[in-house]
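Count residues from 1 along the sequence. Any value given below was found using the heavy atoms of this structure, including those in side chains, with hydrogens, waters and symmetry copies removed.
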Amino acid sequence: MQISPQQVLDALKNVEDPDLKKDLVTLNMIKDLQIEDNKVSFTLELTTPACPMKDMLKNACTNAVKHFVSAEAEVIIKITSRVTQPTNSSSLDNIKNIILVSSGKGGVGKSTVASNLAVVLAKDGAKVGLIDADIYGPSVPTMFDLVDAKPGAEETADGKTKILPIEKYGIKLLSLGFFADPGQPVPWRGPMASNAVKQLFNDTNWGELDYLIVDLPPGTGDIHITITQSFPISGAVVVTTPQQVALADTHKGLAMFRMPGINIPILGVIENMSYFTPAELPDNKYYIFGKGGGTKLAERFDVPFLGEIPIIQSISEAGDNGKPVALNQNPQLDIIFGDIASKIAQQISINNAQMAIC
């Protein structure tokens, strides 16, 4: 008997997205269904290319067709993605999601985390931009080997001048460090710094982006308030280390995002420098700065704990050499950064779906 499209769709209604709590057909994630004899082919359109459950969903679809339609069916599934966006993102039409990477204090590796997350999401196939908004110590020029680089500019049809971000490793990059002499301090006053950061958003031709990652300055200051109140933010990621002094400052940073007038979704906590693993003893973990602080902080605020990043020499060396470590195919770090990026993308998809329902 010829397999019908309705039979296949009815079978796939038994496959539920674990995060969105609805079946794939209702979520309109099944595209381009074609049937030829016993060959069933379709596209599974996910909400992010970094979906951590893509293999599980693909296997579930195959099993559903074979179980509910025909055990002899040859199921061919192509996986694509269409990144969702919050319902309040109209002010920056071409940028679907803005992700803030924050820390309560400096020196916890926030810029390293932001740079490597951008690299991983781009490697997964997402369209990614990265803004280095750290006015006190912009790190992106160093981490991407662009210390002396200067962005270009173009004139639009209506006579406005737009900044052109620098592209490297598949990421569109802008840093306040591109507009200053690397050897000279820039004493920014609050309003001047806030206006400069807003220009990075408004006066730049970003094109279409799935994710724009923003590396914020440490602490809780003018830049944080300007960005959170001026642009539609999908969520914030908070980076800490296990030390108590870092955790105390991170606590304040988390609380800031929940203040009235800011109220930004917290995507989760990342603990950097969690433990030391010597290269010659890859299975050993030495918790130099304490253990479990990031997990406890996430539990206290009832937000996801996104993962631990170890102290490994190659992470800092890669950043200093202008090539983030996520590009270097280090198996251990590929898994760690890949898992964190997937969890962030997953949390954004969940939040966007809940906003759409509300």
(request) Determine whether the aromatic ring centres of Phe301 and His251 lie less than 6.0 Å apart. (result) yes
(request) Without swapping roles, check the side chain of Trp206 against the backbone of Leu200 for a donor-acceptor pair under 3.5 Å. (result) yes
(request) For the residue pair Leu146 and Leu173, establish whether any side-chain heavy-atom pair is separated by less than 4.5 Å. (result) yes
(message) Are the side chains of Pro310 and Phe276 in contact, using a 4.5 Å heavy-atom criterion?
(response) no
(message) My understanding is that only residues two or more places apart in sequence, or in another chain, count here; which of them pass ring-ring contact (aromatic ring centres under 6.0 Å, His included) with Tyr275?
(response) Tyr287
(request) Hey, could you give me each pair passing salt bridge (charged side-chain N to carboxylate O under 4.0 Å, His left out) that has a residue in residues 336-354? Not counting sequence neighbours. (result) Asp339-Lys343
(request) Would you list the pairs meeting salt bridge (charged side-chain N to carboxylate O under 4.0 Å, His left out) in which at least one residue belongs to residues 195-217, sequence neighbours left out? (result) Lys96-Asp210, Lys110-Asp215, Lys127-Glu208
(request) Please lay out, stage by stage, how Leu281 and Tyr286 fare under the test side chain to side chain contact (heavy atoms under 4.5 Å, CB included). (result) CA-CA 11 Å; Leu281 296 169; Tyr286 301 96; 4.1 Å; yes
Name the atoms and distances for all side-chain donor-acceptor pairs under 3.5 Å in residues 68-78, with sequence neighbours left out.
from: Ser70; atom 1: OG; to: Glu72; atom 2: N; distance (Å): 3.1

(message) Starting from Ile35, can I reach Ile30 by hopping between I/L/V/M/F/W/Y residues whose side chains sit under 4.5 Å apart?
(response) yes
(message) Taking NZ in Lys66 as the centre, count heavy atoms belonging to other residues, nucleotides or ligands within less than 6.0 Å. Is the count above 12?
(response) yes
(message) Can you confirm whether Lys31 is buried at NZ, in the sense that more than 12 heavy atoms of other residues, nucleotides or ligands lie under 6.0 Å from that atom?
(response) yes
Determine all donor-acceptor pairs shorter than 3.5 Å in which one atom belongs to a side chain in residues 49-63; sequence neighbours excluded.
from: Lys54; atom 1: NZ; to: Pro49; atom 2: O; distance (Å): 2.7
from: Asn59; atom 1: ND2; to: Asp55; atom 2: O; distance (Å): 3.2
from: Thr62; atom 1: OG1; to: Lys58; atom 2: O; distance (Å): 3.1
from: Asn63; atom 1: ND2; to: Asn59; atom 2: O; distance (Å): 3.2

(request) Using the test side chain to side chain donor-acceptor pair (under 3.5 Å), find all partners of Arg300 that sit at least two apart in sequence or belong to another chain. (result) none
(message) Any carboxylate oxygen within less than 4.0 angstrom of a Lys/Arg side-chain nitrogen, looking at Glu154 and Lys162?
(response) no
